[in-house]
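Sharing a structure here in structure tokens format.
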Amino acid sequence: MASDEELFRKIIAHAKEYGYVFPSSEIYDGLSAVYDYGPFGVELKNNIKEYWWKSMVQYHENIVGLDSAIFIHPTVWKASGHVDAFNDPMIDNKDSKKRYRADMLVEDYMLKIEEKIEKEVTKAGNRFGESFDEKMFRETNSRVQENLKKVAEVKQRFYPALDRNDLADVKLLIEELGIVCPVSGSRNWTDVRQFNLMFSTQMGSVNEDASDIYLRPETAQGIFVNFLNVQKSARMKIPFGIAQIGKAFRNEIVARQFLFRMREFEQMEMQYFVRPGEEMKWYAYWKEERMKWHLSLGIPAEKYRFHDHEKLAHYANAASDIEFKFPIGFKELEGIHSRTDFDLRAHQEYSGKKMQYFDHELNESYVPYVVETSIGLDRTFLAVLSQSYREERLDDGSERVVLSIPARLAPIKVAILPLVKKDGLPEKAREVMDSLKYDFRCFYEEKDTIGRRYRRMDALGTPFCITIDYQTIQDNSVTIRDRDTMLQERISVYEIGEVIKEKVEVAR
Ligand code: ATP
């Protein structure tokens, strides 16, 4: 079996070969952590966006959309705290010259110990079988207890140091824990420094008039500054949400994880405005709703988990991540944050404009509290892609690579394949294609043997292949082949639309 690292490399190569994702400006050796989506990637991406938009906006009467500009008044980022606090602590290894996020080095250290604990528990479970009392084992096994204590001690020292912005202590901790650079293996570290992740540029043509502005590092602020415009124009009553899909930019320190950590990426965010004091109820509600959404994609539940934050961002009073098991391990896919009234209040203060809502039921005005759901589109794309990629050995000894992308997200829904390139079969196939192409994204192919065409469609993730053969000419029947089971069925051309629709229909 391929190691996770090997698997990750294969997925990246497959994504390029099959027109999903290309490194940006590849002919110039690429641009670090920037990627372009190819002909099939853009379809998958659009399908994910559409699925999210439908489930958030179309299925919720009290959520509306917005498309705010990427450029935004620079004071917005001062008010939101991004100018002063959107930093990551970075550290360099003097021998390898590699740069790391200091917080990630420590978190990875803790993760490794936690993995050791889990291994110990699994091993004991296998040894004791049915009679295994996991809770008791965790509470009494000396090695587990020792490791739990180690993690607790690191946490106790690490998070307060970050909160105090005591970077010298973070460095000391890295040294004391004996954390080494994965590349050089050495402990020869520089001091820890804060690094602001926002890209800045100038607006205006003449240098003297130009003012510094930022490329937005999150889409949320465009929603906050439009809060009253949206509320009034769409006549929204609290609780209500504003959803937005758009690009965000971060000058990430560590950027070597394909679509997982990009410098230009896309977010799908929803800010939900609620009465002060009711935010925890809605926070719990959206945690559950968002997990349901992920599961509705048809990906197994064990690939997801919640990770409640211990260290909260400056704006939050509760925060949790939905993590996904990528080939690089369990990592954040979506954040659900209770942002309090921090942003609206800050904009009220900096702009001098009231950011209040008059609640007719309570007969009072207040600055609403906000619960946010923020999911990375590119990370969702990577989750779907890595979950779908499979290498299979078939009964006849041959191998195939298949992308089992859920049918509703698949870039191409159906391939139309005439068995041979003669005897009127291509013409008949075109007829079938014409009857389907307004409802589904279709793909026509007549070159190569039918077997090779099936393999290509498997590797591309196309859930259905329709083959037009000699019998089609006689009785208007075709074969429909299922990508995952490879089973073929004979159906009438008039049934194709219904059969496919049933599989690709968006679940509610
Ligand atoms: P991380 O801890 O991984 O840096 P974050 O906590 O900074 O992520 P948020 O600010 O909560 O991320 O952003 C919301 C979502 O946007 C994340 O859950 C993730 O899916 C996505 N996202 C954030 N940064 C990136 C990035 N550099 N590349 C791709 N997606 C990203």
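Ligands are counted one by one from 1 in listed order, and the atoms in each one are counted from 1 as well. Since the model is a prediction, treat every value here as computed from it, not as a measurement.
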Indicate yes or no: does an N/O atom of E332 lie under 3.5 Å from an N/O atom of ligand 1?
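N/O-N/O distance below 3.5 Å exists for this pair.
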Minimum distance, heavy atoms only, to atom 3 (O) of ligand 1: which one of R261, E252, K331 is it?
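When every heavy atom of R261, E252, K331 is considered, R261 comes closest to atom 3 (O) of ligand 1.
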Roughly how far apart are R290 CZ and M270 CE, rounded to 0.5 Å?
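Those atoms lie 8.0 Å apart.
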With heavy atoms of E334 as the reference, note each atom of ligand 1 found under 4.0 Å away.
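Under 4.0 Å from E334, ligand 1 has these atoms: 18 (O).
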Under 3.5 Å side-chain donor-acceptor pair for D359 and Y366
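Present: a donor and an acceptor within the cut-off.
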Do the numbers put R379 on top of the ring of F324, so that NZ or CZ is under 6.0 Å from the six-membered ring centre and no more than 45° off the axis?
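No, R379 does not sit over the ring of F324.
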Kindly confirm or rule out a cation-pi arrangement of K503 over F464, judged by NZ or CZ under 6.0 Å from the six-membered ring centre and within 45° of its axis?
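Here K503 fails the 6.0 Å and 45° test against F464.
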So, K413 side chain and R408 main chain: donor-acceptor pair closer than 3.5 Å or not?
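Checking the backbone N and O of R408 against the side chain of K413, a donor-acceptor pair under 3.5 Å is found.
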Can you tell me if D378 has a non-hydrogen atom under 4.0 Å from ligand 1?
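No, D378 has no heavy atoms under 4.0 Å from ligand 1.
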Can you check whether L259 has an N/O within less than 3.5 Å of an N/O in ligand 1?
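Between L259 and ligand 1, no N or O pair is found under 3.5 Å apart.
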Of the protein's non-hydrogen atoms, which lies at the shortest distance from atom 29 (C) of ligand 1, and what is that distance?
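I find the closest protein heavy atom is F260 O, 3.3 Å.
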Can you tell me the protein heavy atom closest to atom 22 (N) of ligand 1 and the distance?
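It is F265 CE1, 3.5 Å.
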Determine whether a donor-acceptor pair (N or O, by modelled atom type, separation under 3.5 Å) exists between the side chain of N93 and the backbone of D95.
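Yes; judged by distance alone, with no hydrogens or angles, the pair exists.
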Proximity winner for atom 13 (O) of ligand 1, if only heavy atoms of R379, Q267, M268, H337 are counted
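It is Q267 that holds the nearest heavy atom.
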Looking at R138 and E134, is there a salt bridge between them, counting it only when a charged N and a carboxylate O are closer than 4.0 Å?
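R138 and E134: salt-bridged.
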So which of W286, W52, W53 actually passes ring pair (Phe, Tyr, Trp, His ring centres under 6.0 Å) with H60?
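Output: one option passes, namely W286.
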With a 4.5 Å cut-off on side-chain heavy atoms, are E252 and R101 touching?
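R101 reaches E252 side chain to side chain.
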Taking both backbone and side-chain atoms of I375, is any N or O found less than 3.5 Å from an N or O belonging to ligand 1?
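No - when backbone and side-chain N and O of I375 are compared with those of ligand 1, no distance drops under 3.5 Å.
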Can you confirm whether the side chains of Q194 and D88 place a donor and an acceptor under 3.5 Å from each other?
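Their side chains do not contain a donor-acceptor pair, so the 3.5 Å distance test is not met.
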If you count the atoms of ligand 1 from 1 in the order shown, which ones are under 4.0 Å from a heavy atom of S374?
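Contacts of ligand 1 toward S374, numbered from 1: 13 (O), 14 (C), 15 (C), 18 (O).
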Give the residue, atom name and distance (to 0.1 Å) of the protein heavy atom nearest atom 21 (C) of ligand 1.
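Scanning the protein heavy atoms, the shortest distance from atom 21 (C) of ligand 1 goes to G376 CA, 3.7 Å.
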Of the backbone atoms (N, CA, C, O) and the side-chain heavy atoms from C-beta on, which set of R250 has a member under 4.0 Å from an atom of ligand 1: side chain, backbone, both, or neither?
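Contact part for R250 vs ligand 1: side chain (C-beta onward).
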Would you mind listing which atoms of ligand 1 come within a distance below 4.0 Å of any non-hydrogen atom of R101?
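Atoms satisfying the 4.0 Å criterion: 4 (O).
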Against heavy atoms of M262, which atoms of ligand 1 measure under 4.0 Å?
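Those of ligand 1 that fall under 4.0 Å from M262 are 26 (C), 27 (N), 28 (N), 29 (C).
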Side chain, backbone, both or neither: which part of L333 comes within less than 4.0 Å of ligand 1 when only heavy atoms are counted?
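Backbone only.
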